[in-house]
Amino acid sequence: MLVSSLMKRIGLKLSLNDPRWGSGNKDGNKQAQEGKKPGEGPPDLDQLWRDFNQRLNGLFGQKNRPDNSGGGGGGRPDMKGAGITAGAVGAVAALIWLASGSFIVQEGQTGVVFTFGKVSHTTPAGFNWRWPYPFQHDETVNVSQVRTVEVGYRSNIKNKQARESLMLTDDENIIDIQFAVQFKLKDPVSWLINNRDAEETVRQVAETSIREIVGKSKMDFVLYEGREKVAFETQQLMQQILDRYASGAQITNVTMQGVQPPEQVQTAFDDAVKAGQDRERQKNEGQAYANDVIPKARGAAFRLVQEAEAYRSMVTENAVGNANRFKQVLAEYQKAPAVTRDRMYLETMQQIFSSASKVMVDAKSGSNLLYLPLDKLIAQAAASDAASASAKAAAAAPAATGVLPPELMPTVEMSRSRDGRARESSRDRESR
């Protein structure tokens, strides 16, 4: 670009439209005016060179000198003009060479400058300059980009890499693991000069780290509850190894994409998993049943214990009460034995006859005649009295169920008189 601008300033045109293009002598303009078409015949390079020298001389303040016919002095102006031309061309080439040392670093990137193959310095984002080749050269590294390395698969989880994904656990089982590692660059110089194939190094470190972690863990732990822990420990171990290698990489995340048994035993493993789930379900059902039955049984047992305690307290108190009452009766008996015996006899007989059926037998006459039970007769009499009291309008009409047969009336009256005499005698004894 600088050469074209310099040629425009000195007025040199290398174009096919030049009317002197193809002329072989100084009379090129004349031939063009005489009707010779431009472009006929090959260009006259000597004439072009002389025109270029003349223009350079005019540019630098030297006038054209007429050619002398004698001697060899005619070649001096041409050699001097050629030197000036060579200097100008050299200056332009030097400017171009110096301009080739400029470079631009984008935002989020870092430039690393090498001097004869050795790291010289790093440059920030923006316009920078270095010494051109072969003294220095530069390389740009993107330090803000999050890079991803896939282990066990490529681009798609279905595109498995069995050589990387199959691993042996601590309980001698084989599992298939696919995971991705994300990392950034924390030291661009170390990333460039300490790694021959940087991303492949990170992939091998990731595979080595996870094989070590999985080799110390059980299969069920890796498949179920231990996925996050395995990923975290793998990230830590990878960072330790990469720092030891001075790789300049910073691990940001390890993501498990797939953890499963090998495809060859997937069906059997699914059956085992289902059996384990059924076992857990049955255990949960049994525990639920136990949680329902045991509290009820404990409540019933506690209730029985409380009832037994209450019964024991009741029996004990009754026994104590009976003993106290017996002591009181004993004291009274000692004061009046005959009265106390009669009273005890009457109370006992009253208690017995109150819950037993009573039948009147005529023992004095020596006959075997039996009468109706007194309790039933008394019940019938009470019923007849209630019926007569409720039915005042029909007081004259005798109730069929309330009237005793005539032959039983003397017996009832006799029993009533005996009961009355017994009560009077008991009251007399008490008063005494």
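Quick note: residue numbers are just sequence positions, from 1.
Judged by distance alone, the side chains of Asn291 and Gln287 do bring a donor and an acceptor atom under 3.5 Å apart. Residues Asn322 and Arg325 bring a donor and an acceptor atom of their side chains to less than 3.5 Å of each other. In this model, a donor atom of one side chain and an acceptor atom of the other lie less than 3.5 Å apart for Ser144 and Asn142.
Across all non-hydrogen atoms, the minimal contact from Ala180 to Tyr153 is CB-OH, 3.6 Å. Contact between Ala246 and Asn194 at its shortest, heavy atoms only, is O-ND2, 2.8 Å. Heavy-atom minimum distance, Arg211 versus Leu166: NH1-O, 2.9 Å. The heavy-atom pair separating Met238 from Val181 by the smallest distance is CE-CG1, 3.6 Å. The minimum heavy-atom distance between Val112 and Pro188, with the atom names listed, is CG2-CB, 4.4 Å. Annotation for Ala249 and Leu242: closest pair CB-CD1, 4.2 Å, computed over non-hydrogen atoms.
Checked by atom type and distance alone, the side chain of Gln178 never pairs as donor or acceptor with a backbone atom of Gln257 at under 3.5 Å. At distances below 3.5 Å, at least one donor-acceptor pair connects side-chain atoms of Trp97 with backbone N or O atoms of Tyr133. A side-chain donor-acceptor contact under 3.5 Å links Thr252 to the backbone of Gln182. Proximity of a side-chain donor or acceptor of Glu233 to a complementary backbone N or O of Ile213 within less than 3.5 Å is not detected. No donor-acceptor pair closer than 3.5 Å links the side chain of Arg147 to the backbone N or O of Glu199. No donor-acceptor pair under 3.5 Å is formed between the side chain of Arg130 and the backbone N or O of Phe135. Between the Asn128 side chain and the Pro124 main chain, a donor and an acceptor come within less than 3.5 Å of each other. Within the 3.5 Å criterion, the main-chain N or O of Pro262 finds no donor-acceptor partner in the side chain of Asp176.
Under a 4.0 Å N-O distance rule, the pair Asp170/Lys216 does not qualify as a salt bridge. No salt bridge links Arg203 with Glu207; every basic N to acidic carboxylate O contact stays at or beyond 4.0 Å. Comment: Lys296 engages Asp292 in a salt bridge, judged by a side-chain N to carboxylate O separation of less than 4.0 angstrom. The pair Glu263-Lys160 meets the salt-bridge criterion, with a side-chain N (NZ, NE, NH1 or NH2) lying under 4.0 Å from an Asp/Glu carboxylate O. A salt bridge links Asp243 to Lys186: at least one charged side-chain nitrogen sits closer than 4.0 Å to a carboxylate oxygen. Taking 4.0 Å as the cut-off between side-chain N and carboxylate O, Arg312 and Glu317 do not count as a salt-bridged pair.
Within a 6.0 Å sphere centred on CE of Met349, other residues, nucleotides and ligands contribute more than 12 heavy atoms. Applying the 6.0 Å contact sphere to CD of Glu172 captures no more than 12 heavy atoms from other residues, nucleotides or ligands. For Phe127, the CZ atom counts as densely surrounded, since its 6.0 Å shell holds more than 12 non-hydrogen atoms of other residues, nucleotides or ligands. Residue Glu228 qualifies as open at atom CD: its count of foreign heavy atoms under 6.0 Å is 12 or below. For Tyr245, the OH atom is loosely surrounded, since the number of other residues' heavy atoms within 6.0 Å does not exceed 12. Atom CZ of Arg281 has more than 12 neighbouring heavy atoms from other residues, nucleotides or ligands inside a 6.0 Å radius. Atom CD of Glu307 has more than 12 heavy atoms from other residues, nucleotides or ligands within 6.0 Å. Surrounding CD of Gln350 are at most 12 heavy atoms belonging to other residues, nucleotides or ligands under 6.0 Å away.
Residues Pro261 and Met219 form a side-chain contact, since some pair of their non-hydrogen atoms from C-beta on lies under 4.5 Å apart. Side-chain atoms of Thr169 and Lys218, non-hydrogen and from C-beta on, never get closer than 4.5 Å to each other. Contact annotation: the side chain of Asn173 never approaches that of Leu168 to less than 4.5 Å [non-hydrogen atoms, C-beta and beyond]. With contacts defined as side-chain heavy-atom distances shorter than 4.5 Å, the pair Val329/Met344 qualifies. At a threshold of 4.5 Å between non-hydrogen side-chain atoms, the residues Met256 and Val230 count as touching.
Rounded to the nearest 0.5 angstrom, Glu285 CD and Asp278 CG are separated by 9.5 Å. For the atom pair CG (Asp187) and CD (Gln250), the distance works out to 11.5 Å, reported to the nearest 0.5 Å. Atoms CG and CD, on Asp270 and Gln277 in that order, are 9.5 Å from each other to the nearest 0.5 Å. Within the model, atoms NZ of Lys229 and OG of Ser217 stand 7.5 Å from one another, a figure rounded to the nearest 0.5 Å.
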message: Working note: Glu164 + Arg154, criterion salt bridge (Lys or Arg N to Asp or Glu O under 4.0 Å); need CA distance, chi angles, decisive distance, verdict.
response: CA-CA 11 Å; Glu164 299 177 358; Arg154 297 293 184 273; 2.7 Å; yes
message: Run the side chain to side chain contact (heavy atoms under 4.5 Å, CB included) test on Phe179 and Thr255 for me, step by step, so that the C-alpha distance in whole Å, both residues' side-chain angles and the decisive distance to 0.1 Å come before the verdict.
response: CA-CA 6 Å; Phe179 66 101; Thr255 304; over 6 Å; no
- prompt: Can you check side chain to side chain contact (heavy atoms under 4.5 Å, CB included) on Phe221 and Leu223, steps first, answer last?
  reply: CA-CA 6 Å; Phe221 178 78; Leu223 288 175; over 6 Å; no
message: Set out, in order, the CA-CA distance, both residues' side-chain angles and the distance that settles side chain to side chain contact (heavy atoms under 4.5 Å, CB included) for Leu237 and Glu212, then state yes or no.
response: CA-CA 9 Å; Leu237 184 57; Glu212 180 177 348; 3.3 Å; yes
- request: Verify side chain to side chain contact (heavy atoms under 4.5 Å, CB included) between Ser247 and Val202, making sure each step is shown before the conclusion.
  value: CA-CA 9 Å; Ser247 63; Val202 175; 5.8 Å; no
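A tilted orientation is assigned to the rings of Phe183 and Trp191, their planes being inclined by 30° to 60°.
Listed by chain and residue number, nothing satisfies the side-chain hydrogen bond (donor to acceptor under 3.5 Å, both in side chains) test with Thr110 (two or more places apart in sequence, or in another chain).
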